[in-house]
Amino acid sequence: MCLFRYEDDPEPEERIPAGLLYVPVRPGNCTEAVIRLFRTPLGTRTAVGFTSPARLTDVLGAGHPYIRLSDAALRRMCEPLGAGLVTVDPALSAPPVTPVPARVPARGPAGAQDPAQAPGAGRRPGPHPVRTV
């Protein structure tokens, strides 16, 4: 039996309202906006909301369109689409990819080979050893 009661301490699996969220959208038909759905690292579909425009910009980049929705409204809109989970303020799991230029060794005309890398390079010319059978 527990001697203490924690009325204001929710269980970890309880859904706590997050207030108004900045929800990323993409252009739809004509003037409509469509909520962008994402996937968790385990592949579960999730709706995403941010607590500030700055956090949205940090993750998705500047100028990304968004709408303001409550956590409950976002959840109700996305549940029929198979995204009952709402992720608040996600962070990227990997840094952005920056291409690194590959260094290609300089080669002469097609079919030409560097004499230092030719088979047998570095051996002294001379008679081949004779092998008896």
Side-chain angles (χ1 to χ4, degrees):
M1 180 172 146
C2 182
L3 299 175
F4 303 103
R5 293 188 59 131
Y6 299 99
E7 298 295 330
D8 59 342
D9 190 22
E11 292 296 318
E13 63 273 356
E14 281 186 35
R15 295 179 176 172
I16 302 168
L20 283 179
L21 298 172
Y22 296 85
V23 179
V25 295
R26 60 180 176 79
N29 298 336
C30 299
T31 60
E32 296 175 0
V34 179
I35 294 173
R36 286 189 59 192
L37 296 179
F38 295 84
R39 292 200 180 269
T40 65
L42 297 177
T44 307
R45 291 180 81 180
T46 182
V48 171
F50 295 90
T51 55
S52 72
R55 289 183 185 222
L56 183 137
T57 300
D58 289 344
V59 175
L60 298 176
H64 196 86
Y66 62 86
I67 58 173
R68 300 280 314 261
L69 287 175
S70 70
D71 175 42
L74 179 59
R75 192 177 308 280
R76 280 194 304 267
M77 290 173 72
C78 294
E79 276 179 350
L81 303 173
L85 180 65
V86 174
T87 305
V88 178
D89 288 332
L92 290 176
S93 59
V97 177
T98 55
V100 177
R103 296 191 75 154
V104 179
R107 296 191 81 154
Q113 193 174 26
D114 184 8
Q117 299 205 0
R123 282 194 279 173
R124 289 189 294 159
H128 296 289
V130 178
R131 188 171 148 203
T132 58
V133 184

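- Of the inter-residue distances, the one linking Tyr22 atom OH with Thr57 atom OG1 reads 10.5 Å to the nearest 0.5 angstrom.
- For the atom pair Leu21 CG and Arg75 CZ, the distance stands at 9.5 Å (nearest 0.5 Å).
- A donor-acceptor contact shorter than 3.5 Å is absent between the side chain of Ser70 and the backbone of Leu20.
- The one candidate from Ile67, Leu56, Asp71, Val48 that meets the side chain to side chain contact (heavy atoms under 4.5 Å, CB included) condition with Val23 is Ile67.
- With hydrogens and angles ignored, the 3.5 Å screen pairs no side-chain donor or acceptor of Arg45 with any backbone N or O of Leu37.
- The stretch residues 33-43 participates, sequence neighbours left out, in these side chain to side chain donor-acceptor pair (under 3.5 Å) pairs: Arg36-His64.
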Does the pair Phe50 and Val59 meet the rule for a side chain to side chain contact (heavy atoms under 4.5 Å, CB included), with working shown?
CA-CA 10 Å; Phe50 295 90; Val59 175; 3.9 Å; yes
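- Remark: the backbone N or O of Pro90 is not paired with any side-chain donor or acceptor of Thr87 at under 3.5 angstrom.
- Note that the CG atom of Leu85 and the SG atom of Cys78 stand 10.5 Å from one another [nearest 0.5 Å].
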Start with the C-alpha gap between Leu74 and Ile35, add the side-chain angles, then the distance that decides, and say whether side chain to side chain contact (heavy atoms under 4.5 Å, CB included) holds.
CA-CA 9 Å; Leu74 179 59; Ile35 294 173; 3.9 Å; yes
